[in-house]
Structures are given as C-alpha cells and as structure tokens.
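Here's the structure, in structure tokens; my notes come after.
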Amino acid sequence: MAIGSGLGSQLGLAAESTYGTFAAPTKFVEFTKESMQLKKTTAQSAGIAAGRLLPLSSRRVVTQRQASGSIEMEVTTKAMGLLLQALMGTTVTPVQQAASTAYLQTHTLADTAGKFLTLQKGLPLTTGTVTRKNFLGCKVTSGEFSCGAGEMLTASYEIDAKDVEESSVLAAASYPAMAPYHFGQMSLKTGTFNSETARDGVRKVSVKIERPQDVERFYAGAQGLKAEPITNDQIKITGSIEMDYVDTVLDDLHTSDAATSLVWEFVGANIASTYFETFRITLPAVRFDEGPPVVDGFGVLKPTMNFTGLFDGTNQPKIEYMSAESTL
C-alpha cells in the first residue's frame, strides 16, 4: 500500500503513436506540483412541461471533453527527454558520445505536430490505495525554466490534453539514480554565435518558450473529443536576467538594440571520459526589451534585463541534454 497523501503520488509519461491513444508509461518524473484535470462541457435540456419546477437530471448531457493543467518540477540529470521533445518538436534519438556511456539529446526548435504524450497520474486515497487518471493526447503548449542564486533549476510545463480515462492499469513507478541541476552549476554566456563569452554578476535567469496552438478543434463525428491541436501562431521566446551592474555589456545591447547569442548552461557530474551531465539552452539571437539600471537606494544597482528570442536567419534555438540515458 502507498502512503495516503501526496507522498504516495506518481507521474508517468509515454510517447503515443496515435493522438489520444493510451500508451503505458515508460518514464516517471519527480514533480513538485501539478494541476492536470478534466474539463467537460455540459448542456441541460430546458423544455417546458406543465408543473415541472426543475430541469430533468436525465436530460443533462456532456457535449465536449478535454483536459489541461500544468506540471512543475526540478530539472534532473535523467528523465527529462520526453517533455523536452514535446516542447521543442524535433524527433530526437540520443547520440552516444564516442564509445562512452554518455548520450546527447539535441532538441532543436521545430513544429510539434505528431508530438503527444500519455500522462498517467497516480492519486492516493487516504487508505493508501492509489487511483489513476490517464491524460491522453497531451500536447505541451509552453515550458518555462528558471534558476536563481541558491536555487534549483526548475521547469514548468503547460499541457493541453484530448481526454481523460481511468480504466488503463496504473504502472509501477520506478526512478533512476539522478540529481537536480542547481545554481552552483550555472553559467550564462552572450556574444557571437558559437563564440559566446561568460557574463559576470548574474543572479537569476529565466527562459519561457510558448507554443501557441489551436486547442479547440472539436468536429462532428468525434464524440465530443478534439483533433490534435495545430500550431496557429509564431513561437514566442522570452526571458529575463537578474544581475548586479558589474559591466555595461547587456546595458549597451539594450541601448543599441543589437542582437546577441545567449547560452544558458548547467554542467553536472562526469558521466565518462570528457563528458559531463549537461543542460544547455542556446538562443542564437536575443534582443533586450527593457531593464536598464536605475538607482533606487544606497545599494548595488541590480537591473533585470528582459529579452525576446528571435530567429537569426540560420540557426534555430535548441536545448541540449547530456545524460547517461540511451533513450528518451
């Protein structure tokens, strides 16, 4: 029996081969918070009948079903691949590094058509019995990453789902040995693409990738369920850098509105040879929108530089993830 509280909960993931068709979870992520839930649209018959004071219960119908919510977690050295692929869109196969036990996943920005997941949530009753809710056809509509001084690197994913069912068997959760990425492993670089240099004075960084999609594709003949959402607007990448005012490099970029490449990187333990656990976001072109330094007291100036990620005409944004996992 499980613990009859949130301590006994679990969250499993699997890539689906067909949108909205259950796939048994193959990966289990450690999460800090989730809000996934069924959203149903109902209609109530309102016909007038002599003497009837209340609508008939038998004439309430469910006309549409869907689900949505978010998942928050610490970014760890394993088990992140499926969500990164669903966010970024590229079909990824981890590439073995030389003949070592290190594998590199390169998640380059692309359309997310055909990228959908089954998300299985294990919910413990107070008795210790774990119930399940299987969210089918899960599409990631945004992902946000953040890390500040003294903190873990965290991720928050917004998810849209086709439906929820509770009949498929609850998978037995298992977790690999892994560690969280944290501030002590963080660096930030800017400059010419592929020749970026480290920035000093950085206290906190956040990056958000939004994948706008038409999530209201409800058609006749589909039993009130949606078709796979389709990208219906340009991708939006935004972020911020909180820093001490140690130099004018980023401030000058704000003033000139010039573009710079940005690399946000975390390097963990050695996997093998010269290969280390790594989480890296590369944005080949960002421009700073606001955040020049202001004086609001006696202390050190601490500007927050807000930026927008754009296409440099050649190189797409990407997330690289080096781990000891040979599969997503």
Handout entry: Trace of the side-chain contact (heavy atoms from CB on, under 4.5 Å) decision for T101 with I271
Key = CA-CA 7 Å; T101 54; I271 300 172; 3.7 Å; yes
Completion exercise
Rounded to the nearest 0.5 angstrom, the NE2-CD distance for H107 and Q316 is 15.5 Å
Exercise for the section: With sequence neighbours excluded, tell me which residues meet salt bridge (charged side-chain N to carboxylate O under 4.0 Å, His left out) with K318. Expected result: E320
Practice task
Scan residues 152-162 for pairs that pass side chain to side chain donor-acceptor pair (under 3.5 Å), counting only residues two or more places apart or in two chains.
Solution key: D160-K226
Handout entry: With F116 via ring pair (Phe, Tyr, Trp, His ring centres under 6.0 Å) - residues at least two apart
Key = Y19
Handout entry: Expected output: side-chain Q44 to main-chain L56 donor-acceptor under 3.5 Å
Key = yes
Problem - T278 (side chain) donor-acceptor with F276 (main chain) under 3.5 angstrom - result: yes
Practice task
Could you walk me through whether T90 and L109 pass side-chain contact (heavy atoms from CB on, under 4.5 Å), step by step?
Solution key: CA-CA 6 Å; T90 301; L109 193 70; over 6 Å; no
Exercise for the section: Please step through side-chain contact (heavy atoms from CB on, under 4.5 Å) for the pair M88 and T108, ending with a clear verdict. Expected result: CA-CA 6 Å; M88 298 300 286; T108 305; over 6 Å; no
Practice task
State plainly whether one hydrophobic cluster holds both L38 and V62, where clusters connect Ile, Leu, Val, Met, Phe, Trp and Tyr through side-chain heavy atoms under 4.5 angstrom apart.
Solution key: no
Practice task
Check whether any side-chain N or O of T131 sits under 3.5 Å from a backbone N or O of L123 as a donor-acceptor pair, and report yes or no.
Solution key: yes
Practice task
Check whether any side-chain heavy atom of V267 lies under 4.5 Å from a side-chain heavy atom of E277, and answer yes or no.
Solution key: no
Handout entry: Gap separating the CG atom of L11 from the CZ atom of F28, nearest 0.5 angstrom
Key = 9.0 Å
Exercise for the section: Applying side-chain contact (heavy atoms from CB on, under 4.5 Å), name anything that partners R287, two or more places apart in sequence or on another chain. Expected result: D257, A259, L310
Completion exercise
Residue pairs meeting ring-ring contact (aromatic ring centres under 6.0 Å, His included), one or both in residues 213-261, sequence neighbours left out, come to none
Problem - Ionic contact status for R280 with E265, cut-off 4.0 Å - result: yes
Problem - Validation row: Y181, M80 side chains within 4.5 angstrom (heavy atoms) - result: no
Problem - In one Ile/Leu/Val/Met/Phe/Trp/Tyr side-chain cluster, 4.5 Å: L136, I71 - result: no
Exercise for the section: Look at the side chain of Q120 and the backbone N and O of A171, then say whether any donor-acceptor pair between them is shorter than 3.5 Å. Expected result: yes
Practice task
Would you kindly confirm whether L104 and V75 end up in one hydrophobic cluster when ILVMFWY residues are joined by side chain heavy atoms under 4.5 Å apart?
Solution key: no
Practice task
Have a look at F288 and tell me which of D251, T260, T308 forms a side-chain contact (heavy atoms from CB on, under 4.5 Å) with it.
Solution key: T260
Completion exercise
Shortest non-hydrogen pair, P229 vs Q213, comes out as CB-OE1, 3.6 Å
Exercise for the section: Output all residues satisfying ring pair (Phe, Tyr, Trp, His ring centres under 6.0 Å) with F279, sequence neighbours left out; order by chain, then residue number. Expected result: F145
Exercise for the section: For residues L13 and P25, determine if any side-chain heavy atom of one lies less than 4.5 Å from a side-chain heavy atom of the other. Expected result: no
Exercise for the section: Find the distance between CE (M305) and CG (L250) and round it off to the nearest 0.5 Å. Expected result: 5.5 Å
Problem - Donor + acceptor pair across side chains of E242, T304 (<3.5 Å) - result: no
Problem - Under 3.5 Å donor-acceptor, E151 side chain and A149 backbone - result: no
Problem - Q66 side chain vs G224 backbone, donor-acceptor pair below 3.5 Å - result: no
Handout entry: All pairs passing salt bridge (Lys or Arg N to Asp or Glu O under 4.0 Å) where residues 33-45 contributes a residue, at least two apart
Key = E34-K121
Exercise for the section: Locate the shortest heavy-atom distance separating I159 from T141; write the atom from each residue and the value. Expected result: N-OG1, 4.1 Å
Problem - Side-chain heavy-atom pair R132, V130 within 4.5 angstrom cut-off - result: no
Exercise for the section: Spell out, as yes or no, whether a donor-acceptor pair under 3.5 Å connects the side chain of R65 to the backbone of T41. Expected result: no
Exercise for the section: Step by step, work out the side chain to side chain donor-acceptor pair (under 3.5 Å) result for E196 and S261. Expected result: CA-CA 7 Å; E196 300 88 351; S261 177; 2.6 Å; yes
Practice task
Please answer whether the main-chain N or O of A15 pairs with a side-chain N or O of Q85 as donor and acceptor at a distance below 3.5 Å.
Solution key: no
Handout entry: Listed partners of T190 passing side-chain hydrogen bond (donor to acceptor under 3.5 Å, both in side chains), at least two apart
Key = R199
Exercise for the section: Name all residues meeting the side-chain hydrogen bond (donor to acceptor under 3.5 Å, both in side chains) criterion together with T231; count only those two or more places apart in sequence or in a different chain, and write none if there are none. Expected result: D111
Handout entry: Distance (rounded to the nearest 0.5 Å) between R217 CZ and N232 CG
Key = 10.5 Å
Fill in the blank from the handout: Residues Y321 and K78: closest non-hydrogen pair is OH-N, 2.8 Å
Problem - Residues forming a side-chain hydrogen bond (donor to acceptor under 3.5 Å, both in side chains) with K133, sequence neighbours excluded - result: E166
Exercise for the section: Without swapping roles, check the side chain of R60 against the backbone of S45 for a donor-acceptor pair under 3.5 Å. Expected result: no
Practice task
Give a yes or no on whether a salt bridge exists between K27 and E325, defined as a side-chain N under 4.0 angstrom from a carboxylate O.
Solution key: yes
Handout entry: Check: S273 side chain, Y275 main-chain N or O, donor-acceptor pair, under 3.5 Å
Key = no
Handout entry: Straight-line distance of I319 CD1 to T106 OG1, nearest 0.5 Å
Key = 11.0 Å
Handout entry: Co-membership, hydrophobic cluster, residues M322 and L87, 4.5 Å side-chain
Key = no
Completion exercise
In terms of heavy-atom contacts, R203 and F183 come closest through O-CE1, 3.4 Å
Exercise for the section: Mind checking ring pair (Phe, Tyr, Trp, His ring centres under 6.0 Å) for F266 and listing every partner two or more places apart, or none if nothing turns up? Expected result: W264
Fill in the blank from the handout: The single option from D244, D296, V294, V295 that satisfies side-chain contact (heavy atoms from CB on, under 4.5 Å) with L301 is V295
Practice task
Could you note down all residue pairs passing ring-ring contact (aromatic ring centres under 6.0 Å, His included) where residues 64-105 supplies at least one of them, sequence neighbours left out?
Solution key: none
Problem - L84 side chain near V92 side chain, heavy-atom distance below 4.5 Å - result: no
Problem - From CG (D289) to OG1 (T238), nearest 0.5 Å - result: 9.0 Å
Handout entry: Heavy-atom closest pair, residues S240 and N306
Key = CB-OD1, 3.2 Å
Practice task
Go through the steps to decide whether I281 and V263 satisfy the test side-chain contact (heavy atoms from CB on, under 4.5 Å), and finish with yes or no.
Solution key: CA-CA 6 Å; I281 296 178; V263 177; over 6 Å; no
Fill in the blank from the handout: E30 and M73 have their tightest heavy-atom pair at O-CB, 3.5 Å
Practice task
Check the surroundings of atom NZ in K236: do more than 12 heavy atoms from other residues, nucleotides or ligands lie under 6.0 Å from it?
Solution key: no
